[in-house]
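Values below: all heavy atoms of this structure, side chains included; hydrogens, waters and symmetry mates excluded. Ligands are counted one by one from 1 in listed order, and the atoms in each one are counted from 1 as well. These numbers were taken from a predicted model, which means no experiment stands behind them.
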Amino acid sequence: MGRVDVLLGLQWGDEGKGKVVDFLAPKYDVVARFQGGPNAGHTLEFDGKKHVLHQIPSGIFHEGILNVVGNGVVLDPITFAQEIKDLESFNLDLQKSLILSNKAQVIIPTHRLLDQAYEISKGEQKIGSTLRGIGPTYQDKMARVGLRLGDLVEPDFKQRYEKLRDRHLAILDNHDLDFNIQALDEKFFQALDVLRQFDIVSTEYIINDQLSQGSSVLAEGAQGSLLDIDFGSYPFVTSSNTISAGACAGLGVPPGKIKEVYGIFKAYCTRVGSGPFPTELLDASGEDLRKRGNEFGATTGRPRRCGWLDLPALRYAVMLNGVTKLFMMKVDVLADLEEIKACVGYEREGVKTDQVPLNFTEDWQLLHQSFKSWSDGQYQSFGQFPDELSEYIHFIEQNISVPLTLVSTGPDRTQTVLKEETIAL
Ligand code: GDP
Ligand code: IMO
Ligand code: MG
């Protein structure tokens, strides 16, 4: 029987999802994105090349895999056209290996302008959005006024586009933004020509047909569980369900088809944009982690905030997603440090808890545990790990009660250590 495995981030995004999806893709028939849009930046490194994907699934570099942009995604045709252009030098047969859901919502240029306008009006309370139009597009989807990719072929598409654009322009009238709407319209319609070269179909049928033929599907999450619209650090979140439940709604697959849920996290923690981050290191050690981990946003280039691993928050994310296997990334970044810490609980007014509070309150006291750092190296198996790294892994497994089966020791595809026989399809 076919199966869907979901791979998703357990922190505030940028855990290394792109790298691991690319690594695991050869074991699957289909790789599918189920939510988010061009706010994502998924970095892949192989054969000395580095490539960042935003809307295209991270299975695209492997032959014989079908890549699907699911109905839960919000897609920007302009960014999409650019991504296709950036892939030209790889000589991939994209029209064959990439299909798009006719139900995915379309980001139009004024969605991006609205994102800017809303952020400016929030002032100090701004979310730190990537300004890719994500929030306003999901807003229109829920308000039932959005455009879907399947609408592109309708004869009245231009009128419908103009109606939505004018609705946005009326709101933008109250904001002081500088833009040239004719130029934006032109760019948008040019980009549609690229989009029309691809199959825009009911991908839910294709995925379910594949499942009934026994195929395996890897659902690729974007962002992370702590940015989830329901369970993340609201309002400093993204506008979609990033947790595993989102994969069912965002692809049209029944919950019973989901088998493994791979939860991926950094050996420490990062966040880009505003909002609470209890374990953030605001001193030189945070700066040190940023430098060692090269922690700069793959989409916006913004420096990422850095801090220690937050185990109560990780446990929360594991619970919400039903994680069956843990993957730990960037252990090389913590190598050869004087000391490593992890938050193991919170305390307020003398009362200890390991539950994440409503607002991820930062003024709670954090209870830390220290660990010894390990020496850096190109380890090929779990058995080769230095004792200190094995102890860190063991502690996390005990604390979270889920096995940790993949460790990443560097950005390249080959710098990935899988515990023997743990991913058998
Ligand atoms: P994603 O959004 O979850 O796909 O992650 P990003 O691509 O935004 O950020 C992860 C960054 O870490 C990228 O620059 C990766 O190349 C890099 N990376 C992934 N795994 C490792 C690792 O094990 N060690 C190091 N040093 N870098 C890694
Ligand atoms: P990947 O898939 C990290 C953050 C933004 C901001 C908040 C809302 O690469 O892990 P939005 O543009 O969605 O309105 O921004 O969410 N954010 C991400 N942070 N990685 C991402 O994606 C992110 N996508 C959005 O920085 O704080
Ligand atoms: Mg990223």
Q: Taking the Mg ion (ligand 3) as the center, what protein N, O or S atoms are found at less than 2.8 Å?
A: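 Short answer, with waters excluded from the count: D14 OD1, G41 O.
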Q: With heavy-atom distances below 4.0 Å as the criterion, list the atoms of ligand 1 near H42.
A: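 Near H42, the atoms of ligand 1 are 1 (P), 2 (O), 4 (O), 7 (O).
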Q: Measure D332 to ligand 1 on non-hydrogen atoms and call it side chain, backbone, both or neither using the 4.0 Å cut-off.
A: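 It is the side chain that gets close, since no backbone atom is under 4.0 Å.
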Q: May I ask you to decide whether E287 forms a salt bridge with R290, counting only side-chain N to carboxylate O separations under 4.0 Å?
A: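 Here E287 pairs with R290 in a salt bridge, since their nearest N and O are under 4.0 Å apart.
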Q: Pairs under 3.5 angstrom only: tabulate donor-acceptor contacts from the side chains of residues 165-176 to other protein residues two or more places apart or in another chain.
A:
{"unit_1": "R165", "atom_1": "NH1", "unit_2": "D185", "atom_2": "OD2", "d": "2.6"}
{"unit_1": "H168", "atom_1": "ND1", "unit_2": "T110", "atom_2": "OG1", "d": "2.8"}
{"unit_1": "H168", "atom_1": "NE2", "unit_2": "D140", "atom_2": "OD2", "d": "2.8"}

Q: Using the ring pair (Phe, Tyr, Trp, His ring centres under 6.0 Å) definition, which of the options W374, W308, Y268 pairs with Y392?
A: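 Testing Y392 for a ring pair (Phe, Tyr, Trp, His ring centres under 6.0 Å) against W374, W308, Y268 leaves exactly one candidate, W374.
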Q: Considering only non-hydrogen protein atoms, determine which one is nearest to atom 19 (C) of ligand 1 and report residue, atom name and distance to 0.1 Å.
A: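 For this ligand atom, the closest protein heavy atom is K19 CD, 4.0 Å.
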Q: Examine the proximity of ligand 1 to P411 and report which part, side chain or backbone, both or neither, has a heavy atom under 4.0 Å away.
A: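 It is both backbone and side chain that touch ligand 1.
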Q: Less than 3.5 Å between some nitrogen or oxygen of M329 and one of ligand 1, yes or no?
A: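 For ligand 1, there is no N or O atom that lies under 3.5 Å from one belonging to M329.
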Q: I want to check a possible cation-pi pair here: R413 against F46, using under 6.0 Å from ring centre and within 45° of the ring axis as the test.
A: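 Yes - R413 lies over the ring of F46, closer than 6.0 Å to its centre and within 45° of its axis.
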Q: With sequence neighbours left out, what residues match D199 under side chain to side chain donor-acceptor pair (under 3.5 Å)?
A: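 Partners of D199 by the side chain to side chain donor-acceptor pair (under 3.5 Å) criterion come out as none, since no residue qualifies.
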Q: Quick test of your reading of the model: are D76 and R132 salt-bridged, counting only N-O distances below 4.0 Å?
A: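 So D76 does not pair with R132 through a salt bridge.
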Q: Inspect the contact between E295 and K266 and indicate whether a charged nitrogen and a carboxylate oxygen are less than 4.0 angstrom apart.
A: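 So K266 pairs with E295 through a salt bridge.
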Q: Taking the side chain from Q398 and the backbone from H394, do they hold a donor-acceptor pair closer than 3.5 Å?
A: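 Judged by distance alone, no pair lies under 3.5 Å.
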Q: Say whether V333, considering both its backbone and side-chain N or O atoms, lies within less than 3.5 Å of an N or O atom on ligand 1.
A: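 By distance alone, the answer is no.
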Q: Starting from atom 27 (N) of ligand 1, what is the nearest protein heavy atom, named by residue and atom, and what distance separates them?
A: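 Of the protein heavy atoms, K330 CE, 3.2 Å lies nearest.
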Q: Regarding ligand 1, does V331 bring an N or O atom to under 3.5 Å of one of the ligand's N or O atoms?
A: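 Between V331 and ligand 1, no N or O pair is found under 3.5 Å apart.
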Q: Which is it for K50 and ligand 1 at heavy atoms under 4.0 Å: side chain, backbone, both or neither?
A: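 The answer is neither.
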Q: As a test of reading the model: which residues have a non-hydrogen atom less than 4.0 Å away from ligand 2?
A: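 Within 4.0 Å of ligand 2, the protein residues are W12, G13, D14, K17, N39, A40, G41, H42, I127, G128, S129, T130, A222, Q223, L227, V237, T238, V272, G273, R302.
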Q: Tell me, which protein residue and heavy-atom name are nearest atom 10 (C) of ligand 1, and how many Å apart are they?
A: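 The closest one turns out to be D14 O, 3.6 Å.
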Q: Classify the contact between I264 and ligand 1 as side chain, backbone, both or neither, using a heavy-atom distance cut-off of under 4.0 Å.
A: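 Neither; no heavy atom under 4.0 Å.
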